[in-house]
Asks: 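Below: one structure in structure tokens.
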Amino acid sequence: MDVEPGGRGGRLREFLTPGRVVFAIAAVLTLVFVFENTRQTRIRLLVPEVTMPLWAALLTALVLGVAGGFYLGRRRPHRARRRAR
């Protein structure tokens with residue numbers, strides 16, 4: 001039984017690109033991580049101490065790290081262009 005390029009199998013292959021498969025796997029692993037780490041944990045923020053779910057604390061650290069990485073990564077090429085002028 002051959003699958004025609006325009007048939008159902010062709011559409012499925014077009015939909016399931018490697019990027020989408022990796023994203024789906026990452027989404028499932030993230031959900032497993034969240035549901036496994038629901039217990040409360042105490043975190044000291046310089047002076048105050050807060051209690052929050054462990055997954056929320058790790059997610060906050062991840063978001064801050066990614067934002068800092070994007071900020072620093074985007075600033076470098078602009079400086080190099082200014083010096084070249």
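Start at 1 with the first residue, then count along the sequence.
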Asks: Roughly how far, to the nearest 0.5 Å, is CD1 of Ile43 from CE of Met52?
Replies: 5.0 Å
Asks: Group every Ile, Leu, Val, Met, Phe, Trp and Tyr by side-chain heavy-atom contacts under 4.5 Å, then state whether Trp55 and Leu62 land in the same group.
Replies: yes
Asks: Taking atom CG of Leu12 and atom CG of Leu16, what is their separation to the nearest 0.5 Å?
Replies: 4.5 Å
Asks: Do you know which two heavy atoms are closest between Phe33 and Leu58, and how far apart they sit?
Replies: CZ-CD1, 3.3 Å
Asks: Is there a donor-acceptor pair closer than 3.5 Å between any side-chain N or O of Arg20 and the backbone N or O of Phe15?
Replies: yes
Asks: What's the spacing between Leu45 CG and Thr60 OG1 if we round to 0.5 Å?
Replies: 9.5 Å
Asks: Which heavy atom of Thr38 sits nearest to which heavy atom of Val34, and what is that distance?
Replies: CG2-O, 3.3 Å
Asks: Hey, is CD on Gln40 packed in by over 12 heavy atoms from elsewhere, all under 6.0 Å?
Replies: yes
Asks: Quick check for you: to the nearest 0.5 Å, what is the distance between Leu31 atom CG and Leu29 atom CG?
Replies: 9.0 Å
Asks: Might you work through the side chain to side chain contact (heavy atoms under 4.5 Å, CB included) test for Leu54 and Arg39, ending with a clear yes or no?
Replies: CA-CA 6 Å; Leu54 178 59; Arg39 73 175 198 275; 4.0 Å; yes
Asks: So which atom in Glu14 and which in Thr17 form the shortest heavy-atom distance, rounded to 0.1 Å?
Replies: O-CG2, 3.3 Å
